[in-house]
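Just below is one structure, and these are the notes that go with it.
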There are 2 protein chains.
Amino acid sequence: MDHIQDVLVALRRVIRATDLQSKHLVKTASLTAPQLMVMQTLRDRGAIPVGALADEVSLSQATVTSIIDRLEKKQYVGRERSKQDKRKVLAFITDEGLDKLKTAPTLLQESFVRQFSYLQEWEQTMIISALQRVAQMMDAQHIDASPFLDVGALDRQTEQRTPLPYDDK
Amino acid sequence: MDHIQDVLVALRRVIRATDLQSKHLVKTASLTAPQLMVMQTLRDRGAIPVGALADEVSLSQATVTSIIDRLEKKQYVGRERSKQDKRKVLAFITDEGLDKLKTAPTLLQESFVRQFSYLQEWEQTMIISALQRVAQMMDAQHIDASPFLDVGALDRQTEQRTPLPYDDK
DNA sequence: CCTAAATATTTTGACTAGCAAACAATCTCA
DNA sequence: TGAGATTGTTTGCTAGTCAAAATATTTAGG
């Protein structure tokens, strides 16, 4: 009957688990969740300006600046002023950073991925479509709460990556 | 074929959405995610000692102390030394806190809940069981990573609430 | 060409979250 | 009664987070 309660409880458990996971990450890899996010983004997008990076990870520019500060100190990322537009600072991931990404975060997903791969094909498909449905509804929720009119909102509900490197012109 | 990628992407989207949601919470309700967690726990469990509370929310005692400090300043929770064992400090939620809980966090889930309720019965069931499956696998992951042998681990994989009030003897 | 507005980043200031270690109060049990 | 265990708070440190101010650069008008 009261499916709503069930779905909220399940969701809370998922959130809780990711929370603990992120805590575990800090301990084992000495990387925080936002630091990891930034590094992954830089790996996928190449050298991009701090502002674009901030948009990607949904943090303020100031916050990203401070995260980059720390990652730079650890040599996992670097900074370079754009030659085309000297206001821009391009952030990029270093070889050390790539190395780190290869080891650290995989560990975390390992067990989950393994268990998932043991599931039947139909179960995998079911879970994926359910998760996508949930994500979509949660995205929409976020858009609902948005203070301004956002015409492109509906388009964005489906996953849309832009794997092209940032065009620094 | 590569369902693993799909499930990780979907999961990341869900996590991302909850992240944005939590940020939205801070802005609209001036409550942070951990503060909300603490208040919800106190609502569900009644007056419990700080240590028990810390266990529930998986934070250190010291951290919970500081969160309670802030919530107490806002009058959302209170403290009371246990009469039975004067080492213990019982935290409880105030009427103001209950009020706050009634308004603030519901708003956030509103849109999601509404959309969910529009789904077909079978879809709801499917989503719930998928989410439970995922939560279970993620819990197990956490248990895998646990540094010590934990005999009770398997029992705990199914949701088990203890709605009984804390027995302060 | 020069200046005002727009753009991009960093700095500053002020919180919150987190934890470990030290400390204080209280309880337990021999 | 007194030593060790339990429970909470305090202290000291790191990180995340943002808004607002400061800085540097580019662009658009005149």
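By convention in this document, chain letters (A, B, ...) are assigned in the order of the sequence lines, proteins followed by strands, and residues within each chain are numbered from 1.
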Flag for B:S66-B:T63: side-chain donor and acceptor within less than 3.5 Å: no
Within one Ile-Leu-Val-Met-Phe-Trp-Tyr cluster: A:V26 and A:Y76, side-chain cutoff 4.5 Å: no
Most 5' of A:I67 and A:K86 on DNA chain D, judged by nearest nucleotide: A:I67
Salt bridge (Lys or Arg N to Asp or Glu O under 4.0 Å) involving A:R70 - partner list, sequence neighbours excluded: none
Crowding at NZ, A:K74 (>12 non-hydrogen neighbours, <6.0 Å): yes
Protein proximity profile, nucleotides 9-15 of chain C - base contact B, sugar-phosphate-only contact S, no contact -, cut-off 4.0 Å on heavy atoms: BBB----
N/O (side chain, B:T63) to phosphate O (OP1/OP2, C:dG18) under 4.0 Å: no
Rounded distance (Å) that lies between atom C1' of C:dT16 and atom NZ of B:K27: 16 Å
Test applied, side-chain contact (heavy atoms from CB on, under 4.5 Å); reference residue, A:F92; option that passes from A:R45, A:R43, A:E80: A:E80
Chain B contact limits on DNA chain D, taken 5' to 3' with a cut-off of 4.0 angstrom to heavy atoms: D:dT6 to D:dC18
B:Q61 and B:T65 side chains, donor-acceptor separation under 3.5 Å: no
Exercise: identify the closest heavy-atom pair between B:V77 and B:T94: C-CG2, 3.7 Å
Derivation and outcome, salt bridge (Lys or Arg N to Asp or Glu O under 4.0 Å), residues A:E123 and B:R133: CA-CA 10 Å; A:E123 276 186 300; B:R133 201 66 186 263; 2.5 Å; yes
